[in-house]
**Student:** 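The structure follows.
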Number of protein chains: 2
Amino acid sequence: MSRASERAYNHIRSMILSGELQPGSQIREEALAELCGVSRTPVRDSLRRLEAEMFIRRNDSQRSFVADWSLDDLEDAFQLRAMLESRAAKRAASRITREQLALLRFHNAQLKQAIGLPNPDVPKFLDHNRQFHAIILAAAASERLANMLGQVTEQPVILRTARQYDLENLRRSHSEHDELLIAFDKRDGEWAAAVMTGHIRRAFHAYAEAHSTDTEIRKSSWAA
Amino acid sequence: MSRASERAYNHIRSMILSGELQPGSQIREEALAELCGVSRTPVRDSLRRLEAEMFIRRNDSQRSFVADWSLDDLEDAFQLRAMLESRAAKRAASRITREQLALLRFHNAQLKQAIGLPNPDVPKFLDHNRQFHAIILAAAASERLANMLGQVTEQPVILRTARQYDLENLRRSHSEHDELLIAFDKRDGEWAAAVMTGHIRRAFHAYAEAHSTDTEIRKSSWAA
DNA sequence: CTAATGCTATTTGTATACAATAAGCTGTCA
DNA sequence: TGACAGCTTATTGTATACAAATAGCATTAG
């Protein structure tokens with residue numbers, strides 16, 4: 001995508017992800033155009049894309065709204081993600097190169113560093129985690145799979161609490177990556193897939209717990 | 001989508017599906033606009049959509065080309081489809097209503113009629129087959145799953161041969177539907193998923209065989 | 001003859017004006 | 001009061017003009 005379109009897409013997406021655009025609220029093309037400093041044309045492109053990715057929904061008369069996800073929606077997305085990412089792991093196990101394996105090891109080492117007590121470096125963790133998964137997806141060598149995973153990987157769910165990043169979860173995540181590495185090393189696709197399923201499921205429950213806490217906070221803050 | 005956009009999308013899509021737009025060939029927005037009788041704006045919308053659905057690919061300088069699928073691509077799509085549609089069947093098994101079950105039975109009965117010797121009514125078969133699967137997808141009640149399946153269900157592969165519609169395959173397809181119906185009746189999600197996997201895999205091999213035959217015909221027709 | 005450079009034509013990207021459609025409001029009538 | 005009709009406003013859809021980028025070709029230097 002070219003400059004204005006790209007800019008609009010990223011801008012709108014990050015506004016949704018950050019909660020700046022509230023779930024359920026209507027969004028008007030012209031307002032977004034002003035916010036992004038472009039005309040409606042690239043904004044419309046972006047909206048179409050975000051609609052396909054289910055960040056935005058449209059009612060029957062073509063008005064756009066920021067998607068408002070229920071816990072069920074979240075679980076559905078995570079289940080789909082577990083299924084797809086397991087498949088990626090399975091395919092990757094038989095295709096991954098020595099170089100890619102080395103890269104995985106590198107990122108997982110960085111991950112471990114990021115956990116380092118007493119203060120975990122969450123942004124660093126997230127970055128290397130993202131790259132770790134990206135390498136597996138690349139090794140899986142299925143463009144379609146990659147496309148689909150793109151659609152379920154980022155969740156437009158804003159959490160006030162940071163529960164999902166607690167130390168225990170970070171540690172487990174890292175250790176699951178370790179196990180994945182062994183499975184890849186043994187070229188055991190079934191094993192890799194199984195580990196990946198657990199990995200994503202665990203992530204879901206961490207998310208879900210934070211989501212529940214968050215929802216309660218939101219509910220009880222009607223008084224504020 | 002509104003009128004012009006809708007029209008352009010359907011028109012372009014059917015031109016790809018029918019082979020009117022050759023795989024690998026470049027497509028220009030203005031040319032399509034003329035063909036569809038609309039301006040470039042709705043054409044561009046359609047191209048974006050078709051690109052997301054992988055009917056169209058773009059090179060690094062934003063030129064669009066009709067996707068040219070290899071046998072590997074085809075298998076990848078079918079595997080993804082098997083996975084997703086099995087999941088749909090599994091979910092449907094525990095959610096399907098009596099009415100939906102009755103509808104499934106109806107469409108499967110029509111399917112049987114369409115096979116009727118000596119001349120199978122292929123369009124009728126395809127129509128009821130489509131509806132059969134649509135009902136299962138609806139019963140699965142996952143919008144995301146439905147979206148994703150939409151992306152792998154129709155294959156932009158044009159076959160000169162009609163091998164994939166041979167009588168034996170139609171019969172097996174119908175009988176697999178029968179088995180699905182029993183699995184649904186017993187609310188056995190695992191069974192339904194397993195049957196569905198086989199159902200899609202069989203369809204793939206029918207397709208693949210036709211594709212191979214077709215490719216050979218294409219190759220040997222360089223002389224013509 | 002090859003490769004690099006600059007020009008031209010082609011194609012896509014963006015902005016904007018206008019058309020079509022839907023929503024919201026207001027006033028009237030039952 | 002309530003609901004319906006018609007008007008007004010808000011919002012999205014489409015066409016088109018123009019800007020930017022790219023590719024293809026020709027010309028020339030090495």
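In what follows, every chain begins at residue 1, and chains take the letters A, B, ... in the order their sequences are listed.
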**Student:** How long is the straight-line distance from CG of B:Leu80 back to CE of A:Met83, given to the nearest 0.5 Å?
**Tutor:** 8.5 Å
**Student:** Check the distance between C:dT12's P and B:Arg58's CZ and give it to me in whole angstrom.
**Tutor:** 8 Å
**Student:** Is B:Arg63 near enough to D:dT22 that one of its side-chain N or O atoms lies under 4.0 angstrom from OP1 or OP2?
**Tutor:** no
**Student:** For the residue pair B:Arg58 and B:Phe65, would you count it as a cation-pi contact if the rule is NZ or CZ under 6.0 angstrom from the ring centre and within 45 degrees of the ring axis?
**Tutor:** no
**Student:** Looking across every strand, which nucleic acid part, if any, lies under 4.0 Å from A:Ile27 by heavy atom: base, sugar-phosphate, or nothing?
**Tutor:** sugar-phosphate
**Student:** Just checking, is any N or O donor in the side chain of B:His177 or B:His199 under 3.5 Å from an acceptor N or O on the other one?
**Tutor:** yes
**Student:** In whole Å, I'd like the distance from the CD atom of B:Glu30 to the C1' atom of D:dA17.
**Tutor:** 12 Å
**Student:** If every non-hydrogen atom of B:Gln22 is compared with every non-hydrogen atom of B:Val66, which pair is closest and at what distance?
**Tutor:** O-CB, 3.4 Å
**Student:** Measure OH/B:Tyr9 against P/D:dT14 and give the value in whole Å, please.
**Tutor:** 16 Å
**Student:** For D:dA21 and B:Gln62 - does any side-chain N or O of the residue sit under 4.0 Å from the phosphate oxygens OP1/OP2?
**Tutor:** no
**Student:** Would you indicate what B:Arg7 reaches in the nucleic acid, counting non-hydrogen atoms under 4.0 angstrom: base, sugar-phosphate, or nothing?
**Tutor:** nothing
**Student:** Of the options C:dT14, D:dT14, D:dG13, whose atoms approach the side-chain atoms of A:Arg40 most closely?
**Tutor:** D:dG13
**Student:** May I have the distance from A:Glu51 (atom CD) to D:dT12 (atom P), rounded to whole angstrom?
**Tutor:** 12 Å
**Student:** Specify the residue among B:Asp45 and A:Arg3 whose closest nucleotide of DNA chain D lies further upstream toward the 5′ end.
**Tutor:** B:Asp45
**Student:** Taking only side-chain nitrogens and oxygens of B:Arg48, does any of them come within less than 4.0 Å of OP1 or OP2 of C:dG13?
**Tutor:** yes
**Student:** Take atom CD of A:Glu29 and atom P of D:dT14, then tell me their distance rounded to the nearest Å.
**Tutor:** 11 Å
**Student:** Within less than 4.0 Å of OP1 or OP2 of D:dA15, is there a side-chain N or O belonging to B:Ser39?
**Tutor:** yes
**Student:** Tell me: CG of A:Leu47 to C1' of D:dG13, nearest whole Å?
**Tutor:** 13 Å
**Student:** Just N and O in the side chain of B:Ser61: are any of them under 4.0 Å from OP1 or OP2 of D:dT22?
**Tutor:** no
**Student:** Salt bridge check: are A:Arg48 and A:Asp45 linked by an N-O gap of less than 4.0 Å?
**Tutor:** no
**Student:** Write down the distance between CZ (B:Arg44) and P (D:dA17), rounded to a whole number of angstrom.
**Tutor:** 17 Å
**Student:** Could you state the atom-to-atom distance from CD of B:Glu34 to P of C:dT10 in whole Å?
**Tutor:** 14 Å
**Student:** Is any side-chain N or O of A:Arg28 closer than 4.0 Å to OP1 or OP2 of D:dT11?
**Tutor:** yes
**Student:** According to a strict under-4.0 Å criterion, is B:Thr41 in side-chain N/O contact with OP1 or OP2 of D:dT16?
**Tutor:** no
